[in-house]
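Encoded as C-alpha cells, the structure appears first; notes follow it.
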Amino acid sequence: MSESAELLADLTDDQKAAVTHGEGPLLILAGAGSGKTRAITRRVAYLLRSGVRASNILAITFTNKAAGEMKTRVEKLAPGNKVWVSTFHSLGARLLRQYADRLGYDRNFTIYDMDDRNKLVKDALEASGIDNVKFSPERIGGAISKAKNQFITPAAYQKTATDFFQQTVSVVYPLYEKRLRNANAMDFDDLLYLPAMALKLNEELRAELDARFRYVLIDEYQDTNSAQYQIVKQLSRDYPNVCVVGDPDQSIYRWRGSDIKIILDFERDFPQSRTITLSQNYRSTKSIIHAASVLIDHNKQRKKKDLVTDNPQGDPVNVITFDNGLDEADGVVTRIKEAVKSGKFKYRDHAIFMRINALTRSLESAFVKHGVPFQIVKGLAFFERKENRDVLAYLRLLANPQDTVSFLRVVNEPVRGIGKVSLDKLQSFAAGQEIGLLVAAGQVARITEIKGKAATGLRDFHRMMSELRSRLDLPPHELVRLVLEKSGYETMLRDSTDEEDADRLMNVGELVTAAKQFWDEDNSRTITDFLEQITLASDVDGWDEQADHVSVMTLHASKGLEFPVVYVLAVEQGLLPHERSLSNDEEVEEERRLCFVGMTRAMKELYLCHARMREFRGQLNYCIVSQFIQELPRDVNFIDPSMSRNVARTAADEWRVKSSHAAKDWADTGARPFIPPVRKPNPDLKPTIPDAPDTGLALGVLVQHEEFGLGTVTEYSGYGALRRVKVRFPAHGEKLFVGDKIRLKVVGRRKA
DNA sequence: CTGCTCGGCCTTTTT
DNA sequence: GGCCGAGCAG
C-alpha cells in the first residue's frame, strides 16, 4: 500500500482521481501543461501495482520518442514490467506482421513513405487513362490518404465523389491500391486502415485482442482519426477499460483526417464513462497563460475552458518586429547568445518554432555565423539523403523482392545501362506475367525487345540481388556493408571526382554504423525491423534533448514539449495563419490552435517575431503582422530593434506605407493592417558580437587530419580557446577537437 | 537508347 | 532553392 501511496504523493486531487480510476471508460480533458503525461504514466504504474498484468496493458503515444520515454518511466515506477507502449502506426505494423498469415498478407511487406506513395500514385494516374490531368500526384495521394484515415473504402469514395477532383481520385484510388498490394507494400495509412478493417470484420481476432489488451490508454486523443478510433473502439468492447487523454484546444491535425469530434463525443460513445478535467497549469508564467488563453478564446467552435496557474506573473509576452527574414534569424540567435553569455539561460533552454520547414534555412546560417550550437528537429533527415535512400532501397528490395518502387530506384544506380525505354518494356512484361520486376529481370532472356547493354545489365542486376538475398539472415549492418560492396555503389562514390561524393561516401558509411547500433541494442532485430524503425520515425524521434543546443522545429513537432524560452518566427498573415487556410474559418481556427500550442510550450519567456519584409520564392515581399498578434491582450511588450539604428528608420517608415497596401490583399479575410506603436530608439541595445576570424572551418567543410585522414565538420562552435570542432571520419567515426591549435587543414568547401 | 544538362515549376503542417 | 521533364549529344 505504501508503494501505491508513493505513486500518488505529489499529485493533485484531480490527477489522483485519474490515476486511481478503476475499470470503465475514462476521459481526461487536460489543458496545456497540466501534467497529463505524468498522470497517464502513473496510471499505468498504478494499474500494474494493483495486480493488472503488464501484457494486458496497451498504451498509445503520439511519437516513438514519447513511447520510449513512457516505457522507461513505467519501468522505473514498476520495475520488471514490459508494457506495450507504441504509436498507432507501430502498433498497426506489428499487428499486421504478427497476424499476417491469418489476414492473408505477406509479413515481409515494405512500408512506403510519402515519397514512395507519390511515385505509385503517379504510376496509377498514368495508367488510369485520364488525359489532361490537372492534379498533382501529391494532391491525389493526399486525398487518398485522408480517405483511408477516415476509413473510407475505394467503393464508398466513388459513391460520394462529386466534383471533378474527387472523381479523379475515385478512379486512381483503386488502381493505387492494386499497385500497393502487387508490390507487397503498405502505406502509412494502411497501418491503421487494415488493422481497423480486420478488427471490424474478423470477430475472432477482435475478441482475442480485446481480451489481450484489457486496459487501453491513449495520449493526444484530440488528434485521433476515424481509423484509429475504430481500433480503439474494437479493442474496448468486451473490456471497455479505455482511458483517453487530450485537449481539444491542441487539435492540430485536422488536415490529415483527425477529427476533433472523436474526443468531444467520447462520453456518448462510451456510456458510463467518467470525465476528469485537469485545468491547473504547472508549466508557464501567468503572463504566458493569459496571452495564450486570450488568443484561443477567439475560436468560436470551442468549449470554453479556463487555464489557471499558481506560477509567478513573469515577464510580459514579447512581440519583436524585424526588418526582414535575415534580421529575424540573426536577431533571435544574437538574443539567445546574449542570454547564455549573461548566465541567465543555457542554449538547451531555448527553442525556436515556425510554421513551415523552409524557414529553417536562414536560421541555419545565422547559427553557424554566431557559433551557436543548434539542432534542427527534422525527421531523420540523415536517412532522407539521396545516397542513403538508395542504399535503403537496395535493402528493402532484398527484404521484399516485389517492391516495385525500390526496384525502379536502384536498378540503374549505379548506372548499368538500363534506361527508361527498357524499363517500360520490363514493366509491361512483368504486368502480363503477373510477376514482380525483380523476377522479370531474371527472365530478361525471354523478353525479345530488350537486348544489348540493357539486357546484360538487368541479368547481372538480378544475379547480384539473388546472391545478396541468400545472405538475408546476416545482422543488419553486415548486410548493409555487403550491399555497398556488391552493388558497386561504394565503388561508384569512391571513384567519383565530384567532391560531394566524398560526403556521400561518408554518409553511407554512417549508415553501417547506424545499423550496427540498432543491432547492438537488440541482437534479435532484423533488417526489416531496421527499415521499419527508420520509416516510422517521427520528426522529434531524432531530437537529442540532452545536448546543450538550441532546438529548432515546426510548431507541429513542438507538441508535447516544453522549454524555458520560446521564440516563434514569422508570425505573419499568410504564414501563421498559413495562406492556404485563410479561405476557411475552421482552418483558421486550427491555425490559431497551432499558435496556441507553440505559445504554451514556453515556461518563462515567450517571443513572437515577425518581419516587415521576407524573401519568398526568390522574391522580396512586404509582410503584415498576423491577426493572432492583434488578438493578444494589450499588455504585450513590443520590441523594435531597428529603432536603434537610424539607417533602418527609412525602411521602417516605408514599410508602414507599403504594408498597408499589402494588407489590401488580405481584405477579404477580415485581417486588418496592423501598425505596431512607434517606439523611441532604445539606447540600451547592445551591439552585436564581432564575428570570429575566418578559419575557413564551418559546418560541412571537408578537412584533412594527419592521423585520421579526410573528414567532414559536423559541429562547429566558439572561437579561440573555446572553439569546438567535431569532425566525422569515415574510418574513425566522430572526433572532437577543442581550442586554437587544431591540426585540421581545410581541403574543400561544401557547395551552397 | 542512354545519360546529362538546362530551364520551368512549385513549396504547409506529418505518422 | 530543389525537382522533374524536355531536349540534345554520344
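Protein chains get the first letters and strands the later ones, always in sequence-line order, with residue 1 at the start of each.
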Under 3.5 Å donor-acceptor, A/Asp190 side chain and A/Tyr193 backbone: no

Whole angstrom value for the distance that separates P of C/dG1 from NZ of A/Lys378: 18 Å

Per A/Arg361 side chain, nearest of listed nucleotides B/dT15, B/dT12, C/dG1: C/dG1

Side chain proximity check, A/Ile140 to A/Tyr176, heavy atoms < 4.5 angstrom: no

Touch class at under 4.0 angstrom, heavy-atom based, for A/Ser422 against every strand present: sugar-phosphate

Aromatic-base stack, A/Tyr253 on B/dT13, cutoff 5.5 Å, angle under 30: no

d(CG, A/Leu96; P, B/dT15) in whole Å: 19 Å

Selected nucleotide, minimal atom distance to A/Val415 side chain, candidates B/dT15, B/dT13, B/dG3: B/dG3

Lys/Arg N to Asp/Glu carboxylate O, A/Arg409 vs A/Asp116, below 4.0 Å: no

Side-chain N,O (A/Asn357) to OP1/OP2 (B/dT13) below 4.0 Å: yes

Phosphate OP1/OP2 of B/dT14: any A/Arg256 side-chain N/O under 4.0 Å: no

A/Asn412 side-chain proximity, nearest of B/dC1, B/dG3, B/dT12: B/dG3

Sugar-phosphate, base or nothing in reach of A/Lys148, heavy atoms under 4.0 Å: nothing

Residue whose nearest DNA chain B nucleotide is more 5′ - A/Trp255 or A/Ala454: A/Ala454

Selected nucleotide, minimal atom distance to A/Lys122 side chain, candidates B/dT14, C/dG5, B/dT12: C/dG5

Rounded distance (Å) that lies between atom P of B/dT14 and atom CG of A/Asp116: 18 Å

A/Asp585 atom CG, neighbour heavy-atom count above 12 within 6.0 Å: no

Touch class at under 4.0 angstrom, heavy-atom based, for A/Asn64 against every strand present: nothing

